[in-house]
Amino acid sequence: MKSPRTFEEQTECIVDFLLRDFLGPTVQAANRNLCCVDEPDSGEACSFDVAIIAGRLRMLGDEYNGELEASAKSIIAETTRGQAGAVLKDTVRSLSQAWCAQDSSLAYERAFLAVSVKLVEYVIRVAPEMARQVAIPMTNMINEDSAIREFIQGQGGWENLES
């Protein structure tokens with residue numbers, strides 16, 4: 001399998017995988033993938049396994065038990081107005097900070113990733129037609145946040161991120 005080379009490519013593959021996973025098997029069969037397809041490469045071992053990474057992120061998201069209904073409805077409403085990115089980012093930050101305030105041992109970046117995954121999962125469950133419009137801002141939000149990027153890279157990259 002050809003491994004995505006950049007952090008941005010890896011993030012896109014992971015979010016796309018999560019999107020397909022949240023949408024279920026019917027949609028997965030209809031939307032076979034964009035990136036991370038089997039391709040011959042230089043013969044080097046590939047440590048980037050998008051399914052394992054997405055699974056770890058889902059487990060991380062499962063740790064978050066906060067109320068998401070009102071936040072998800074706000075994101076859905078703003079998505080229809082083309083404002084999903086800003087609202088998603090603000091909501092994830094706010095929920096992550098609140099969770100960290102309740103648990104001082106929780107790293108903000110870990111909370112950020114958990115809340116992101118859980119919130120997007122909830123939005124997709126409630127409004128599956130909005131999946132792509134929410135997945136793109138999620139990818140951008142992770143790629144553009146230097147603290148999140150440094151947290152992931154500090155663990156050795158996505159493939160070493162622990163749930």
Side-chain angles (χ1 to χ4, degrees), residues 4-24 27-28 30-36 48-100 106-155 157-163:
R5 300 289 183 218
T6 68
F7 181 83
E8 291 81 4
E9 289 171 341
Q10 290 178 343
T11 303
E12 183 179 355
C13 285
I14 293 163
V15 173
D16 283 342
F17 187 92
L18 284 169
L19 175 77
R20 289 190 318 275
D21 193 34
F22 293 151
L23 287 169
V27 177
Q28 286 179 18
N31 291 327
R32 283 275 187 240
N33 196 33
L34 316 117
C35 62
C36 307
F48 184 82
D49 187 325
V50 71
I52 291 172
I53 297 164
R56 289 176 183 160
L57 285 170
R58 284 194 79 162
M59 286 189 288
L60 191 60
D62 289 344
E63 293 176 17
Y64 181 73
N65 294 317
E67 178 54 46
L68 295 174
E69 186 175 354
S71 298
K73 286 181 179 178
S74 173
I75 290 168
I76 291 165
E78 292 304 319
T79 299
T80 60
R81 292 194 273 282
Q83 301 297 316
V87 173
L88 179 63
K89 189 177 198 176
D90 291 344
T91 303
V92 168
R93 281 193 175 142
S94 174
L95 293 173
S96 299
Q97 289 168 348
W99 189 17
C100 286
L106 182 63
Y108 170 77
E109 297 81 3
R110 184 177 171 84
F112 183 96
L113 291 169
V115 170
S116 298
V117 170
K118 201 64 174 182
L119 191 55
V120 168
E121 178 183 19
Y122 191 90
V123 168
I124 290 171
R125 191 172 358 120
V126 172
E129 69 281 2
M130 302 264 174
R132 181 58 55 194
Q133 293 98 317
V134 175
I136 292 168
M138 180 183 176
T139 302
N140 293 338
M141 179 179 68
I142 293 168
N143 283 336
E144 294 168 1
D145 190 308
S146 60
I148 301 304
R149 181 187 200 106
E150 288 170 15
F151 175 77
I152 294 164
Q153 291 175 330
Q155 294 193 22
W158 281 112
E159 56 271 22
N160 294 312
L161 184 69
E162 292 299 321
S163 55

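The structure displayed is predicted, hence computed values, not measured ones.
The two residues Ala135 and Val15 have their closest heavy-atom pair at O-CG1, 3.5 Å. For the residue pair Cys100 and Ala111, the shortest heavy atom distance occurs at SG-CB, 3.8 Å. In plain terms, the two heavy atoms of Leu119 and Ala72 that are nearest each other are CD1-N, 4.1 Å. Pairing each heavy atom of Ile75 with each of Val87, the nearest pair is CG1-CG1, 3.8 Å. Contact record, Val50 with Ile14: CG2-CA, 3.6 Å, taken as the closest heavy-atom pair.
Looking at Gln153 and Trp158, their side chains never come closer than 4.5 Å, going by heavy atoms from C-beta outward. Counting heavy atoms from C-beta outward, Pro137 and Lys89 have side chains that stay 4.5 Å or more apart. Taking the side chain as every heavy atom from C-beta outward, Asp16 and Arg20 approach each other to under 4.5 Å. Put simply, the side chain of Val117 reaches to within 4.5 Å of the side chain of Phe22, judged on heavy atoms. Side-chain contact between Asn160 and Ile152 is absent, with no heavy atoms from C-beta onward closer than 4.5 Å. Between Met138 and Val92, the closest side-chain pair of non-hydrogen atoms is not below 4.5 Å. Within the 4.5 Å cutoff, the side chain of Leu68 has heavy atoms near those of the Leu95 side chain. The side-chain heavy atoms of Leu18 and Val120, taken from C-beta on, include no pair separated by under 4.5 Å.
Separating the CD1 atom in Ile142 from the CZ atom in Phe112 is a distance of 6.5 Å, to the nearest 0.5 Å. Distance CG/Leu19 to CZ/Arg132: 5.0 Å, rounded to 0.5 Å. Once rounded to the nearest 0.5 Å, the distance linking CD of Gln10 with CG of Asn143 reads 10.0 Å. The CD atom of Glu78 sits 11.0 Å away from atom CE of Met130, with the distance rounded to the nearest 0.5 Å. The CE atom of Met59 sits 9.0 Å away from the CG atom of Leu57 when rounded to the nearest 0.5 Å. Expressed to the nearest 0.5 Å, how far CG of Leu88 lies from OG of Ser74 amounts to 10.0 Å.
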Start with the C-alpha gap between Val134 and Ile124, add the side-chain angles, then the distance that decides, and say whether side chain to side chain contact (heavy atoms under 4.5 Å, CB included) holds. CA-CA 8 Å; Val134 175; Ile124 290 171; 5.5 Å; no
Criterion side chain to side chain contact (heavy atoms under 4.5 Å, CB included) on Glu8 and Arg149, from CA distance to verdict: CA-CA 10 Å; Glu8 291 81 4; Arg149 181 187 200 106; 2.9 Å; yes
CA sep, side-chain torsions, deciding dist, call: Glu12, Phe7, side chain to side chain contact (heavy atoms under 4.5 Å, CB included): CA-CA 9 Å; Glu12 183 179 355; Phe7 181 83; over 6 Å; no
Decide side chain to side chain contact (heavy atoms under 4.5 Å, CB included) for Phe17 and Ile53; before the verdict, give the C-alpha distance in whole Å, the side-chain angles of both, and the deciding distance to 0.1 Å. CA-CA 10 Å; Phe17 187 92; Ile53 297 164; over 6 Å; no
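With sequence neighbours excluded, the residues forming a ring-ring contact (aromatic ring centres under 6.0 Å, His included) with Tyr64 are Trp99, listed by chain and number. Residues meeting the salt bridge (Lys or Arg N to Asp or Glu O under 4.0 Å) test with Glu159, sequence neighbours left out: none.
Salt-bridge formation is detected for the pair Glu69/Lys73: a Lys NZ or Arg NE/NH1/NH2 atom is positioned less than 4.0 Å from an Asp or Glu carboxylate oxygen.
The closest donor-acceptor contact from the side chain of Thr80 to the backbone of Ala77 lies under 3.5 Å. Formation of a donor-acceptor pair under 3.5 Å by the Ser94 side chain with backbone atoms of Asp90 is not found in this model.
Considering Arg56, Lys118, Arg110 in turn, Arg110 is the only one that fulfils the salt bridge (charged side-chain N to carboxylate O under 4.0 Å, His left out) rule with Glu63.
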